[in-house]
Amino acid sequence: MVGSCNWRVQYQLGIVPAMKPNVIQWTDTGAVRLLDQTRLPGETTYLEIDEIDQMISAIQALSVRGAPLIGVAAAMGLAAAAHKRESESEADFPAWFDVASTALAAARPTAVNLQWAVDRIRAKVAAEAPSGRRMSEILREEAQEIWDEDARMCAAIGQNGALKVPQGATIMTHCNAGRLATGGIGTALGVIYAAQEAGKDVNVFARETRPLNQGSRLTAWELIESGIPTTVIADSVAGSLMADGKIDMIVVGADRIAANGDVANKIGTYPLAVLADAHSIPFYVAAPVSTFDMSLATGAEIPIELRSPDEMPAAVGARVHNPAFDVTPARLVHAIFTDVGTIEKPSTEAVKEVLGV
Ligand code: MRU
């Protein structure tokens, strides 16, 4: 752990630990150990979680964040909590599991991966109930499978997306859709890592991402760790860089994608896509199939999380409107890189075709 001086100063002094900490892991006792992302990049501290309420708090506080990682963490949290209470009583598992999984799925409303992961665990429990196996064992296996699968999906997204990255590209991204947001190398940043791996020289403009600075704190941190030249900008700088011809492409992650290809992602993504369109710069989204919600026809139906006014520095007495996400219409998205292929010019038909649904 590094001392308490401002993290920007620590960075400049080079005293922020140069290491790749585990974002999430099991402990020897079957609990979940989470890197507390609210403390990055200044401090590398961990939370140990073995109860559902603790996991809900960690998700809501953004100690663990990013759509795919929330899904992985929720699944692991259910397994850890089931393991802890197993010694107390197995008989009331069904009632406990029902309440715990419902509460966990509701921790944050926009990222569909959370509900998706909880539904998978529920389906597994239902299927395995007659087997007589220990429930915590079943939960842990399925949680591990969700995690492993997410890592594989990130790798595949990276391969697909890297094909669109020109040699020497300058790429802009928003929020954090990297190792800190998934069970693998990331989605949007996975594309950048895969391009680097393929021998392409890339450099990145990371938007600050107000109000919680996932771009300047998290994306810049992990890109620098990976040796990718990174420049942090205030969100409002994007337009002038585009007008100056400095940006070759944009790639962002997603929290939920509707059946027609409309994309919910971190607040500020939509105006970024509008700017990209105005400057004829390709705007790409990278996301696993677990981020698609085929039950919603368009993005207008995606629930948008409203967060506390306390996250926004404002004069006392001012009302604060603090949505965490916005929706970018499919017509502004050039392509969506998924683990099962690239959806060019997203539309209901194009999404169905690539996803095979
Ligand atoms: O509020 P956050 O930090 O969880 O928001 C995260 C994002 O908006 C990411 O871009 C998205 O979840 C994709 S992460 C691979």
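Counting starts at 1 for both ligands and their atoms, following the listed order.
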Under 3.5 Å, N or O to N or O, is A177 touching ligand 1 that way?
no
Taking distance alone, with N or O pairs closer than 3.5 Å, would you say T187 contacts ligand 1?
no
Report yes or no: is the cationic atom of [X] (NZ for Lys, CZ for Arg) under 6.0 Å from the centre of the six-membered ring of [Y], at an angle within 45° of the ring normal?
{"X": "R33", "Y": "W26", "result": "no"}
{"X": "R179", "Y": "Y193", "result": "yes"}
{"X": "K266", "Y": "F325", "result": "yes"}

Could you tell me whether [X] approaches ligand 1 through its side chain, its backbone, both or neither, with non-hydrogen atoms closer than 4.0 Å?
{"X": "H174", "answer": "neither"}
{"X": "Q214", "answer": "side chain"}
{"X": "N176", "answer": "backbone"}
{"X": "A254", "answer": "backbone"}
{"X": "C175", "answer": "side chain"}

Using a 3.5 Å distance criterion without hydrogens, assess whether the side chain of [X] forms a donor-acceptor pair with backbone atoms of [Y].
{"X": "Q167", "Y": "D201", "value": "yes"}
{"X": "H174", "Y": "I267", "value": "yes"}
{"X": "D262", "Y": "A330", "value": "yes"}

Find all atoms of ligand 1 within a distance of less than 4.0 Å from any non-hydrogen atom belonging to [X], and give their numbers and elements.
{"X": "T182", "result": "15 (C)"}
{"X": "A67", "result": "12 (O), 14 (S)"}
{"X": "A181", "result": "14 (S), 15 (C)"}
{"X": "P68", "result": "14 (S), 15 (C)"}
{"X": "K266", "result": "1 (O), 2 (P), 5 (O), 8 (O)"}

When you measure from atom 9 (C) of ligand 1 to every protein heavy atom, which one gives the shortest distance, and what is it?
N265 OD1, 3.4 Å
Atom 7 (C) of ligand 1 [closest protein heavy-atom partner, distance rounded to 0.1 Å]:
D255 OD1, 3.2 Å
Would you please say whether a donor-acceptor pair under 3.5 Å links the side chains of T291 and N113?
yes
Between N265 and R256, do the side chains contain an N or O donor and an N or O acceptor separated by less than 3.5 Å?
no
Going by heavy-atom distance to atom 3 (O) of ligand 1, choose the closest among R179, R108, R65.
R65
Let me check something: do V64 and I49 share a hydrophobic cluster, defined by ILVMFWY side-chain heavy atoms less than 4.5 Å apart, either directly or through other members?
yes
side-chain hydrogen bond (donor to acceptor under 3.5 Å, both in side chains) between R207 and S236: does it pass, once the steps are laid out?
CA-CA 9 Å; R207 301 212 319 165; S236 47; over 6 Å; no
